[in-house]
Chemist: 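This structure is in structure tokens; I'll ask about it shortly.
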Amino acid sequence: MLASANPHKLRELRSALPGWDLSLLDRDDFPPEIGASYLENARVKARFGRRHAPEGALVIGEDSGIEAVALEGGPGVASARWAADGVTQLLDALAGATDRGARYVCVLVAVAPDGREVTASGTLEGSVADGPPRGSGGFGYDPIFVPAGEGRTVAELGDAWKSGHSHRARAAAALAEELRRAGLGAA
Ligand code: IMP
């Protein structure tokens, strides 16, 4: 189970992990995301989810964000809460910046029914587009994030591209490998 209320994240993780029976543990009382790191936030969500999930279910907590070089890694772990309209805020913050480099980061924590925890992370390098948002796929900063080696934004590249290449897809593949090594089943 995925301890998240974000259906985009579920869709991306499902297509990145086709063999898994993943569903959303969607609650309205998730603890606030106030940790100092992605790992801390992902762990809090995973442990909260494990307490409320059906017995026997492996629960995944996820935290992610975008890190801009010109903002010294910001907004980073605060990506979801630093502005009402993060896209406009980021474009404004980078106006005139010479370095538009950025990356997406995703950290996943899986908690097994017996309490064992496995973690994994993934990144996607790229840059923040110097222009208006483009494309309709994905969510969040995708209409202004251009992956390295691509000319289009993630929102233009679309959900199928994302499920194979995103920071979330990479973290999911790494998590699946770590779970396999730990002898734990799929979520
Ligand atoms: P959280 O992981 O729910 O705390 O939120 C992470 C925030 O980072 C999201 O609300 C987005 O603003 C941003 N973010 C994380 N992953 C992505 C992504 O795949 N595309 C676009 N924005 C993302």
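The residues of the chain are indexed from 1 along the displayed sequence. Numbering of ligands and ligand atoms starts at 1, following listing order.
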Chemist: Tell me yes or no: between the side chains of Ser64 and Glu62, is some donor less than 3.5 Å from an acceptor?
Modeler: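 There is such a pair (donor and acceptor under 3.5 Å, judged by atom type) between the side chains of Ser64 and Glu62.
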Chemist: Shared ILVMFWY cluster between Val69 and Leu124, side chains joined below 4.5 angstrom?
Modeler: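 In one cluster with Val69: Leu124, no.
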Chemist: Is there side-chain contact between Lys162 and Arg168, with heavy atoms separated by less than 4.5 Å?
Modeler: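 Yes, side chains in contact.
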Chemist: For ligand 1, list every N/O pair with the protein closer than 3.5 Å, one pair per line with the distance.
Modeler:
| residue | atom | partner | partner atom | Å |
| --- | --- | --- | --- | --- |
| ligand 1 | 2 (O) | Lys9 | NZ | 2.7 |
| ligand 1 | 2 (O) | Asp63 | OD1 | 3.1 |
| ligand 1 | 2 (O) | Ser64 | N | 3.1 |
| ligand 1 | 2 (O) | Ser64 | OG | 3.2 |
| ligand 1 | 3 (O) | Lys9 | NZ | 2.8 |
| ligand 1 | 4 (O) | Glu33 | OE1 | 2.4 |
| ligand 1 | 4 (O) | Asp63 | OD1 | 2.9 |
| ligand 1 | 16 (N) | Ser64 | OG | 3.4 |
| ligand 1 | 16 (N) | His167 | NE2 | 3.2 |
| ligand 1 | 16 (N) | Arg168 | NH2 | 2.8 |
| ligand 1 | 19 (O) | Lys162 | NZ | 2.8 |
| ligand 1 | 19 (O) | His167 | NE2 | 3.2 |
| ligand 1 | 19 (O) | Arg168 | NH1 | 3.1 |
| ligand 1 | 20 (N) | Tyr104 | OH | 3.4 |
| ligand 1 | 20 (N) | Phe139 | O | 3.4 |
| ligand 1 | 20 (N) | Asp142 | OD1 | 2.7 |
| ligand 1 | 20 (N) | Asp142 | OD2 | 3.3 |
| ligand 1 | 20 (N) | Lys162 | NZ | 3.4 |
| ligand 1 | 22 (N) | Tyr141 | N | 3.2 |

Chemist: Could you report the tightest heavy-atom contact between Val154 and Tyr104, atom names first, then the distance?
Modeler: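 Closest approach of Val154 to Tyr104, heavy atoms only: CG2-CE1, 4.4 Å.
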Chemist: Hey, are Asp63 and Arg43 close enough for a salt bridge, meaning a charged N less than 4.0 Å from a carboxylate O?
Modeler: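 Looking at Asp63 and Arg43, the cut-off is not met.
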Chemist: Between Glu177 and Arg180, is the closest basic N to carboxylate O distance under 4.0 Å?
Modeler: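 Salt bridge present between Arg180 and Glu177.
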